[in-house]
Amino acid sequence: MKQVKIFNILMVFILHLAPTFGFTAYAIDKSSDNIASYADLSRFEEPLELAARFMSGGCEEVPDGFEGIYEIRCYSNDDEIKPWEKVREEVGYIFYDFNGDSINELAIGTNVVPYPNSPRKTMILALYAMSNGKPELLLSGTSRRSWYYQDNGWFYMTGAESAARVISGQYSYINDILNCEHFWFSSLNADGYHEYYHSYSDTLDQNAAVKLNYTMDDYNLNDENNIDQSICLELIPFSDLRPIIAEHDDGGKIRFTALQTLKDFKIIDLCDVVYSDGKINVTEKERLSMVLESGQSISLYMPFLGDGPEYAISFTDSLGKIIKMTVSLSGMDGSIILNQYNW
């Protein structure tokens, strides 16, 4: 079993959170040589497309397991809701053999600086493995339970359930099961002071744990020690699945720029727009169809005359799915917003 430094410790994890998601997510380095295989893309197509659709404004509710992605968008350090385009640059995915069985799992995550002066680490927001031929969600990360990978099949979780109760744990991933090996948590005693406990199972039951002579500083040290053992994964940004940027151009035009070659890029005029059960029913009229090469831009005149969507774009993503996105103006700053409307 991996040796763990167990100090007389426990930290208040919310010191790392401001107020709910305090660390900054960074744009993923697109110079990475990590390229997804077609087999992995095919196996995990369902959660990948769902995540990409969610990060394209195409979901009425937060899908199960993606609460951490929602927090990144809504609880950034500058207290502003991030545009989905920025979220897609900061959240990525990787196919990685986490348990050494030569079969890749799918991790969705973001690269963060978890505490001051720390190198960047990958916070795992969702982890999927294949089960009976289908992707199964193994864990999801949020501000209350943030997950990191420590290599060699070991994961570390750190979080807080309240100001009075912090939690952290180290887990092994063996035979497709996450096993809790060490678990630390705090509680308040009758005098209102923190007491700290250690257990070998993921439980808050004080009777099943050992009371420790911990201080808050000690716990911070233990927490940072475990996070230091985690690694930064070579994520592929989700912008690769929605490789188009829309911006204002001169003369009332909208400029579309491809981040990858789009062989069937289309501009669509919309009419008879009807909203029903959270979906858009429209009549589409194709205005333009072309190959938009990587780095190439095209500008078209698109006056916005009403409140509803009047234009859309269409293209096929790298998973082979036809993606349709409305083109509209932000009510906050007037920037161009692309929201997926087909699913």
Side-chain angles (χ1 to χ4, degrees), residues 21 23-59 62-77 82-98 104-114 118-129 135 137-143 146-151 155-156 227 230-245 258-260 294 317-321 323 325 338 340:
F21 210 79
F23 16 69
T24 299
Y26 291 87
I28 295 168
D29 182 6
K30 296 182 181 180
S31 65
S32 170
D33 294 329
N34 186 17
I35 300 175
S37 72
Y38 178 77
D40 285 330
L41 286 170
S42 298
R43 290 190 307 128
F44 292 102
E45 175 185 314
E46 182 180 345
L48 281 173
E49 275 294 346
L50 180 60
R53 188 175 79 217
F54 176 53
M55 286 182 273
S56 301
C59 297
V62 180
D64 183 35
F66 293 160
E67 292 81 6
I69 298 174
Y70 178 79
E71 288 181 338
I72 288 177
R73 185 187 188 218
C74 296
Y75 301 113
S76 58
N77 284 335
K82 294 180 182 178
W84 282 122
E85 290 84 353
K86 187 172 180 61
V87 176
R88 292 196 297 269
E89 293 175 355
E90 296 177 353
V91 177
Y93 63 93
I94 185 174
F95 301 110
Y96 194 93
D97 181 11
F98 287 99
N104 286 339
E105 286 80 30
L106 165 66
I108 296 174
T110 187
N111 293 334
V112 302
V113 173
S118 166
R120 293 185 186 181
K121 306 291 185 179
T122 298
M123 181 191 302
I124 297 176
L125 304 173
L127 178 65
Y128 292 86
L137 181 65
L138 293 180
L139 64 85
S140 59
T142 67
S143 58
S146 300
W147 289 87
Y148 298 88
Y149 181 56
Q150 295 182 317
D151 209 357
F155 291 82
Y156 181 66
I227 293 176
S230 66
I231 64 178
C232 190
L233 299 168
E234 294 185 5
L235 301 174
I236 301 171
F238 271 91
S239 55
D240 278 19
L241 291 177
R242 298 294 182 267
I244 190 73
I245 296 175
L259 304 179
Q260 332 175 336
S294 178
D317 70 9
S318 57
L319 293 173
K321 298 295 183 180
I323 306 302
M325 308 180 81
L338 300 177
Q340 185 173 337

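- Counting all heavy atoms, side chain and backbone alike, L241 lies closest to L48 at CD1-O, 4.2 Å.
- Ring geometry for Y93 versus F95: interplanar angle over 60°, hence perpendicular rather than tilted (30 to 60°).
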field: Full working for side-chain contact (heavy atoms from CB on, under 4.5 Å) between S239 and I245
entry: CA-CA 10 Å; S239 55; I245 296 175; over 6 Å; no
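- Using modelled atom types and a 3.5 Å distance limit, the side chains of E67 and T142 yield no donor-acceptor pair.
- The local environment of OH in Y70 is sparse, with at most 12 non-hydrogen atoms from other residues, nucleotides or ligands closer than 6.0 Å.
- The SG atom of C74 sits 12.0 Å away from atom CD1 of I69, with the distance rounded to the nearest 0.5 Å.
- Residues R242 and Q340 come closest through the heavy atom pair NH2-OE1, 2.9 Å.
- Scanning for side chain to side chain donor-acceptor pair (under 3.5 Å) contacts around N104 gives D40, with sequence neighbours left out.
- Under a 3.5 Å cut-off, the side chain of Q260 and the backbone N or O of D240 do form a donor-acceptor pair.
- Within the 4.5 Å cutoff, no side-chain heavy atoms of L106 are placed close to those of P135.
- When all heavy atoms of I323 and E49 are compared, the closest pair comes out as CD1-OE1, 4.0 Å.
- With values rounded to the nearest 0.5 angstrom, F238 atom CZ is found 11.0 Å from D317 atom CG.
- Remark: the backbone N or O of L259 is paired with a side-chain donor or acceptor of S294 at under 3.5 angstrom.
- Considering every non-hydrogen atom in both F54 and P63, the closest pair reads CD1-CD, 3.5 Å.
- Looking only at distances, no side-chain donor or acceptor of R120 sits under 3.5 Å from a matching main-chain atom of C232.
- Proximity of a side-chain donor or acceptor of E71 to a complementary backbone N or O of S143 within less than 3.5 Å is detected.
- Expressed to the nearest 0.5 Å, how far OG of S140 lies from OH of Y128 amounts to 8.5 Å.
- Between the side chain of T110 and the backbone N or O of E90 there is at least one donor-acceptor pair closer than 3.5 Å.
- Between F155 and Y149, the angle of the ring planes lies from 30° to 60°, which puts this pair in the tilted group.
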- request: Decide side-chain contact (heavy atoms from CB on, under 4.5 Å) for Y96 and E105; before the verdict, give the C-alpha distance in whole Å, the side-chain angles of both, and the deciding distance to 0.1 Å.
  value: CA-CA 5 Å; Y96 194 93; E105 286 80 30; 5.9 Å; no
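- In this structure, I244 CD1 and S56 OG are separated by 12.0 Å, a value rounded to the nearest 0.5 Å.
- No donor-acceptor pair under 3.5 Å is formed between the side chain of E45 and the backbone N or O of R43.
- The minimum heavy-atom distance between Y148 and T122, with the atom names listed, is CD2-O, 3.4 Å.
- In this structure, CE in M123 is found 8.5 Å from CD1 in I227, a value given to the nearest 0.5 Å.
- A126 and L137 get closest at one heavy-atom pair: CB-CD1, 4.0 Å.
- Here the CG atom belonging to L41 is positioned 5.5 Å from the CG atom belonging to L319, to the nearest 0.5 angstrom.
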